[in-house]
2 protein chains.
Amino acid sequence: MAAEQDPEALAAARPLLTDLYQATMALGYWHAGRAREQAEFELFFRGCPFGGAFALAAGLRDCVRFLRAFRLQDADVQFLASVLPPDTDPAFFQHLRALDCSDVTVRALPEGSLAFPGVPLLQVCGPLLVVQLLETPLLCLVSYASLIATNASRLRLIAGPKKRLLEMGLRRAQGPDGGLTASTYSYLGGFDGSSNVLAGQLRGVPLAGTLAHSFITSFLGTEVPPDPMLAPAASQGPRVDLAACAEAWLDRVCAHLGLGVQEPHRGERAAFVAYALAFPRAFQGLLDTYSVQRSGLPNFLAVALALGELGYRAVGVRLDSGDLLQQAQEIRRVFRSISAQFQMPWLESVSIAVSNNIDEEELTRLAQEGSEVNVIGIGTNVVTCPRQPSLGCVYKLVSVGGQPRMKLTEDPEKQTLPGSKAAFRLLGADAV
Amino acid sequence: MAAEQDPEALAAARPLLTDLYQATMALGYWHAGRAREQAEFELFFRGCPFGGAFALAAGLRDCVRFLRAFRLQDADVQFLASVLPPDTDPAFFQHLRALDCSDVTVRALPEGSLAFPGVPLLQVCGPLLVVQLLETPLLCLVSYASLIATNASRLRLIAGPKKRLLEMGLRRAQGPDGGLTASTYSYLGGFDGSSNVLAGQLRGVPLAGTLAHSFITSFLGTEVPPDPMLAPAASQGPRVDLAACAEAWLDRVCAHLGLGVQEPHRGERAAFVAYALAFPRAFQGLLDTYSVQRSGLPNFLAVALALGELGYRAVGVRLDSGDLLQQAQEIRRVFRSISAQFQMPWLESVSIAVSNNIDEEELTRLAQEGSEVNVIGIGTNVVTCPRQPSLGCVYKLVSVGGQPRMKLTEDPEKQTLPGSKAAFRLLGADAV
């Protein structure tokens, strides 16, 4: 598979995405006549991340794509020549130019399977020179993918099966590909979807997203919509001026909630109406631009009830600041009360989504019994894995020419176990 | 500049590398007839990272490249159509297909300049719809670049001007682009170079790297090199069998150090000889594969002295485990002693490079007065910024149609200052 034909080429690793010492060692092996000796490396980690008891193996798909496309281009070889000694034998560069991974065999833990310290995630066999060159890109592709999948699975275990978990950390990632990797592998680890459109396009990750505070602050309420009219959901009956309808509902909502009708921000309401006109079947209110209780919530209810009159059901609300759990409980109470008051039974169960720097501790709180939170968006704390931002995978030579090799350093933690491994998981009679 | 012609296209962001809500808001603006209203966003951070008092602004070059190439392709628009409501007006998608950033103006802090909380790193003016779409990719391109540049500059301030600092964290980064970004912007922040070959090829970052433990463990000492002969550095005089010459030097080194000549690992020595044959002008010994004092150091000295006899000067040694400072001091003492004993004055000052999970505390120790460490390689702790793995930049709407906008939330920290900003730095008469 040529890189040019790969729809994900833009997101893929390249052979020169490697440490220089892989290239200098390649020359060393070649010079010593050992480039084609059969060697085996194992890729593993030394300790489970986050103080936990497991990790998920991930990134295999990216590795396979990388290995299939592995080929140094003329420009790559020319660049390497520019950083290696000027008197290097040109035959070495011809060797590099002809390299591919057709003689490389990879055994791997299945994507998403449980992994434990010292157990190889990948076992890479092939000519010594080329399997050495693969070290850095394979580590780069496996380590973060496995870390984020593990982190996501921990968050899923905390959240339980019913909460909808969304990854929204693209802006906090290490550049474009960090974000794509995070979105892809948090989905593998148990998230329901992502905000990252590219992850939807390239990896089929389900997408979620509605509106941000900027959309709301962009409206003053003095704007004149080109077309404020909305047809009923069933497409029968006359079109209705949604803004006017929402104003009428606002009076009733404010009266019920004991609020002055001037309190809710008119710009916010105009933004909600504009969004509802564009997305009558997917209206979500972001409540905390001005004041949740005095503005966001009554404005949302006014627009949601106006939509409801036309047969549309709002999808829910989102909170991005403050005490998320406490607000969710209060909002649900209001939903129930309004739902009963105005005979809109669907309204009491619309979803409450929350976000704002949610970590494992806050997630535990949001997932507790009785919590009215339905959807939880996590950005920084899933993408950057702040409790342990790298998995620390290593890629160690375990045999050359069929003979085992080991690193017998004075640091016992860094010693390696020689020879190719086979991993078994022993289950008791009760399958534990 | 078309993306196809950009040599860095593979590393660049794309328009769909964005949050879905940017696309849904775009439809909302378009539906409300506001797509072309003139708007201004500011990109800034709320607090200096790492508990420090400054940040470095970085990523501008990537932003400019992204903005110049910004263009949704047919496949992108088709994908968006698949995730937006099926009855969306086709004219919206035609609008998207025609979008570019020719009407967008960006003012920015110069690349690498000091940045402070609330001061805009970027001020982005243009049609509301398109500047909204730019939010996520610009945040993605600026936040991590600025964070890593800041982190690198802090490490440089700790290390002082004389230590050579190398970034080697590619394998610990968030996938391919995280590594490229880290290498690029740690160089901007004050590092001397990187191990990342792609950063050298694409960004001109100086490269460094020699050999890893796998190279050493791959040799048993029984291998027969195709050509063990090395010509003198000056190219005059007969070629010499480097392995045999190193064996002779090993006897003298071991006698001087009080070691048995069988103690140094012969495979390690064979690896050093093989590397020295390929890189006679750039020989570096990695000392801690078996035992620094009893194997790595005497083997290095034997090969370095053999090279020295031929007029080559080894570049130095590297340590990757144990107490790095203490070992460096001991190794320097041995260098001085051997240098005097064998009349090789250059040997006493060859560089001592260290690596192994070096953080700010360990760097402070390694950089102290009298430290014999010359080169410091940092991976995880520069690339993942574990003390604060995200800068938390935000991108806030400050005006539409020339009128200021603000978010007046109940969370005071999240309130925004309305209107376009101008930042001044006031210096006293003493320029402080």
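Fair warning: this is a prediction, and the values are worked out from it, not measured in the lab. For the numbers below, each heavy atom of this structure counts, side chains included, while hydrogens, waters and symmetry mates do not.
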Worksheet item: At a heavy-atom separation under 4.5 Å, does A:Ser143 approach chain B through its side chain, its backbone, both, or neither?
Response: side chain
Practice prompt. Could you tell me whether A:Arg387 atom CZ has more than 12 heavy atoms of other residues or ligands within 6.0 Å of it?
Written response: yes
Worksheet entry | Among B:Asp87, B:Leu141, B:Leu80, B:Asn356, residue most engaged with chain A (heavy-atom pairs, under 4.5 Å) | B:Asn356
Discussion item. Between A:Asp89 and chain B, with a heavy-atom cut-off of 4.5 Å, which part of the residue counts as in contact: side chain, backbone, both or neither?
Written reply: neither
Discussion item. Quick check: do B:Thr217 and A:Lys396 have side-chain heavy atoms less than 4.5 Å from each other?
Written reply: no
Worksheet item: Does any heavy atom of chain B fall under 4.5 Å from the side chain of A:Val398, the backbone, both, or neither of them?
Response: neither
Fill in: Structural part of A:Arg281 lying under 4.5 Å from a heavy atom of chain B
side chain
Worksheet entry | Interface moiety of A:Val400 toward chain B, non-hydrogen atoms closer than 4.5 Å | side chain
Practice prompt. Identify which part of A:Val292 has an atom lying under 4.5 Å from any heavy atom of chain B, answering side chain, backbone, both or neither.
Written response: both
Response to the item:
So, the part of A:Ala212 with a heavy atom under 4.5 Å from chain B: the answer is both
Practice prompt. Pick one of side chain, backbone, both or neither for A:Asp76, based on which atoms fall under 4.5 Å of a heavy atom in chain B.
Written response: both
Practice prompt. Select one option (side chain, backbone, both, neither) describing which atoms of A:Gln201 are under 4.5 Å from chain B's heavy atoms.
Written response: both
Worksheet item: With only heavy atoms counted, which part of A:Phe92 is less than 4.5 Å from chain B, the side chain, the backbone, both or neither?
Response: neither
Discussion item. Please classify the contact between A:Leu84 and chain B as side chain, backbone, both or neither, with a heavy-atom cut-off of under 4.5 Å.
Written reply: side chain
Worksheet item: Between A:Glu135 and chain B, which part of the residue has a heavy atom less than 4.5 Å away: side chain, backbone, both or neither?
Response: side chain
Discussion item. Check the orientation of A:Tyr29 and B:Phe215. Use parallel for under 30°, tilted for 30 to 60°, and perpendicular for over 60°.
Written reply: tilted
Worksheet item: Given a strict heavy-atom distance threshold of 4.5 Å, which part of A:Leu17 is in contact with chain B: side chain, backbone, both, or neither?
Response: both
Worksheet item: Any idea which of A:Ser82, A:Gly169, A:Gly200 has the most non-hydrogen atom pairs under 4.5 angstrom with chain B?
Response: A:Gly200
Practice prompt. Could you look at A:Tyr290 and say if it's the side chain, the backbone, both or neither that has a heavy atom under 4.5 Å from chain B?
Written response: both
Discussion item. I'd like to know whether A:Ser214 forms a side chain to side chain contact (heavy atoms under 4.5 Å, CB included) with B:Gln132, so could you lay out the CA-CA distance, the side-chain angles of the two residues, the decisive distance to 0.1 Å, and finally the verdict.
Written reply: CA-CA 8 Å; A:Ser214 54; B:Gln132 179 74 66; 2.8 Å; yes
